[in-house]
Amino acid sequence: MKKRTIPFMIVMTLILSFCISSMDMSHAAANQLVPDNPNQVQMLEEPLADIDQAIEEAISEQVMPGAVVLVAKNGKIVKHNAYGYAARYTDADFTEMENPVMMQEDTIFDMASISKLFTATAVMQLWDQGIFELDDPVAEYIPEFAVNEKEEVTIRQLLTHTSGFAPSPSESLYLIEGDREDRLDFVLEEPLENQPNTEYVYSDVNYLTLGVLVERLSGVRQDAFVSEYITEPLDMEDTMYNPPASLRDRIAATEYQPWTERGLVWGSVHDENAWSLDGVAGQAGIFSTATDLAAFAQMMLQDGNYKGEQILSDKAVELMKTNWNEAFPGQDQGLGWELNQSWYMDDLAEVNTMGHTGYTGTSIVVSPNQNSLAVLLTNRVHPTRETVSTNPIRREVSEQTAAAIHSWSAEQMKEMVEILKTKDAFATNRAAYSLQLHLTAVSRYERLDKSDKVIKHLKGFQQLIDEQLDQEMITEEAYTTLANNTAYLQNKWQN
């Protein structure tokens with residue numbers, strides 16, 4: 001019997017298809033976050049390890065019951081730890097639970113205002129489709145928005161908090177009679193507090209309105225849109241609005257709220273306005289984990305692409321990380337993302353560093369220049385919002401992440417000096433230059449692997465910044481940063 005043979009062209013087609021498929025799988029694997037050792041991405045372990053003590057101290061001082069930290073650089077997760085409790089108290093009097101729930105690395109948190117980043121991403125996905133321009137009036141797509149002299153408010157102004165709205169709706173939405181549609185109608189009728197583009201005022205009304213815009217332009221509710229076009233393509237399996245009751249034991253509890261008659265809020269959105277909108281709103285409502293949020297951040301670092309899925313165009317990402325608020329110094333704002341905010345980004349803050357915080361105690365910092373990200377998730381409103389600020393621990397996580405990067409070598413410390421120079425940390429350029437010159441000498445001995453010389457010259461560097469501080473040639477904040485970096489680098493060479 002004559003053997004059947006597959007035609008040559010078919011064989012070649014199959015081989016080519018297999019090769020392309022293998023390349024695609026390889027690209028996807030290289031395009032996602034994976035755990036690794038800090039040393040593999042030139043980060044020092046000691047500063048990252050010191051985060052643990054800082055968080056444990058904050059927990060002992062009742063800043064928050066628990067936390068999860070995730071730090072990544074160059075696509076490598078170099079730290080991912082859980083601390084304390086996800087649920088510990090039954091009421092606002094800190095009555096201990098009979099069976100408190102320990103925090104886990106995969107604990108799901110109420111993201112609070114970090115939800116705004118998902119709304120902004122959804123808006124920019126619709127922009128990518130050419131449906132609107134950023135400077136189009138909102139009323140062009142939501143006609144009822146035009147009341148109360150809002151005809152000229154633009155989509156960009158909503159995204160950058162320059163529309164003129166007050167920080168919150170004039171009345172808590174859960175007190176408004178009716179259903180979700182009635183309450184959103186109330187939002188759309190809100191008047192302006194300032195003329196557009198005259199003030200920066202961080203406002204939930206902006207993002208409540210943007211949530212409506214997403215729904216009007218897409219024809220589906222925001223949770224369905226975010227699921228189909230953001231979380232599913234990015235494999236963010238633990239990111240959602242309105243998590244099911246089956247996930248409750250994995251969710252961090254939030255606040256005891258007798259005024260909403262909900263008791264201990266646990267598994268339902270903390271924000272009262274979002275809760276009154278069936279848990280789906282433009283300003284709050286997203287639940288997520290540190291791992292999922294890191295994937296979302298990595299997508300931004302990779303120009304809208306993650307695991308081979310392009311969910312935003314390069315141009316959209318560029319627009320999102322551009323500062324549109326140059327007229328309002330200190331209030332640098334991209335589209336959705338805040339920029340260069342030292343109050344929680346600390347030494348990671350640069351002109352293009354992106355981030356956001358959430359009222360429940362969440363924060364994210366994304367540094368394109370360092371190709372790194374730092375996620376801190378806490379349940380600081382458990383069991384009450386009347387607690388001390390989490391901003392110091394937010395800064396600590398960012399500071400130690402930056403220290404792990406810049407303490408790796410004298411060359412990377414020189415980069416830190418340059419960053420501080422852009423922040424006017426030195427009285428003169430010569431002061432910065434003298435530090436960089438000294439670090440160049442240290443770097444030379446590092447390359448020669450002469451530990452005694454490295455340590456000797458690092459001690460000389462410490463003396464130099466001491467002198468600069470005495471002579472008021474360097475700010476105290478910059479001095480602290482460089483002194484810490486010096487100590488870490490010195491320990492590296494002594495060990």
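The shown structure was predicted, so the numbers you read here are calculated from the model rather than taken from an experiment.
A donor-acceptor pair under 3.5 Å is formed between the side chain of Y306 and the backbone N or O of L33. Panel note: side chain E190, backbone N148; no donor-acceptor pair is recorded below 3.5 Å. Panel note: side chain N31, backbone G308; a donor-acceptor pair is recorded below 3.5 Å. The closest donor-acceptor contact from the side chain of Q400 to the backbone of P47 lies under 3.5 Å. A donor-acceptor pair under 3.5 Å is formed between the side chain of Q310 and the backbone N or O of L312. Side-chain atoms of Q333 come within 3.5 Å of backbone atoms of W337 as a donor-acceptor pair (strictly under, hydrogens ignored).
In this structure, E149 places its CD atom where only 12 or fewer heavy-atom neighbours from other residues, nucleotides or ligands lie under 6.0 Å away. Counted within 6.0 Å of OH on Y89, heavy atoms from surrounding residues, nucleotides or ligands total more than 12; the atom is thus considered enclosed. Atom CD of Q195 has 12 or fewer neighbouring heavy atoms from other residues, nucleotides or ligands inside a 6.0 Å radius. Heavy atoms from other residues, nucleotides or ligands lying under 6.0 Å from CD of E152 number 12 at most. Counting non-hydrogen atoms of other residues, nucleotides and ligands closer than 6.0 Å to CD of E326 gives a total of 12 or fewer.
Here D204 pairs with K116 under the salt bridge (Lys or Arg N to Asp or Glu O under 4.0 Å) rule; sequence neighbours left out. When the side chain to side chain contact (heavy atoms under 4.5 Å, CB included) test is applied to A274, the partners found at least two apart in sequence or on another chain are V269, D271, A281, Q283, A284. The salt bridge (Lys or Arg N to Asp or Glu O under 4.0 Å) check on E272 picks up R385, with sequence neighbours excluded. The salt bridge (Lys or Arg N to Asp or Glu O under 4.0 Å) test applied to R156 returns D135, not counting sequence neighbours. Residues forming a side chain to side chain contact (heavy atoms under 4.5 Å, CB included) with E105 (at least two apart in sequence, or on another chain): H80, A82.
A salt bridge does not link R250 with E237: none of the charged nitrogens is closer than 4.0 Å to a carboxylate oxygen. At a threshold of 4.0 Å, the pair D52-K79 counts as salt-bridged, since one of the basic side-chain nitrogens sits closer than that to a carboxylate oxygen.
Applying the side chain to side chain donor-acceptor pair (under 3.5 Å) test to residues at least two apart or on different chains, the pairs with a partner in residues 123-133 are D128-S313.
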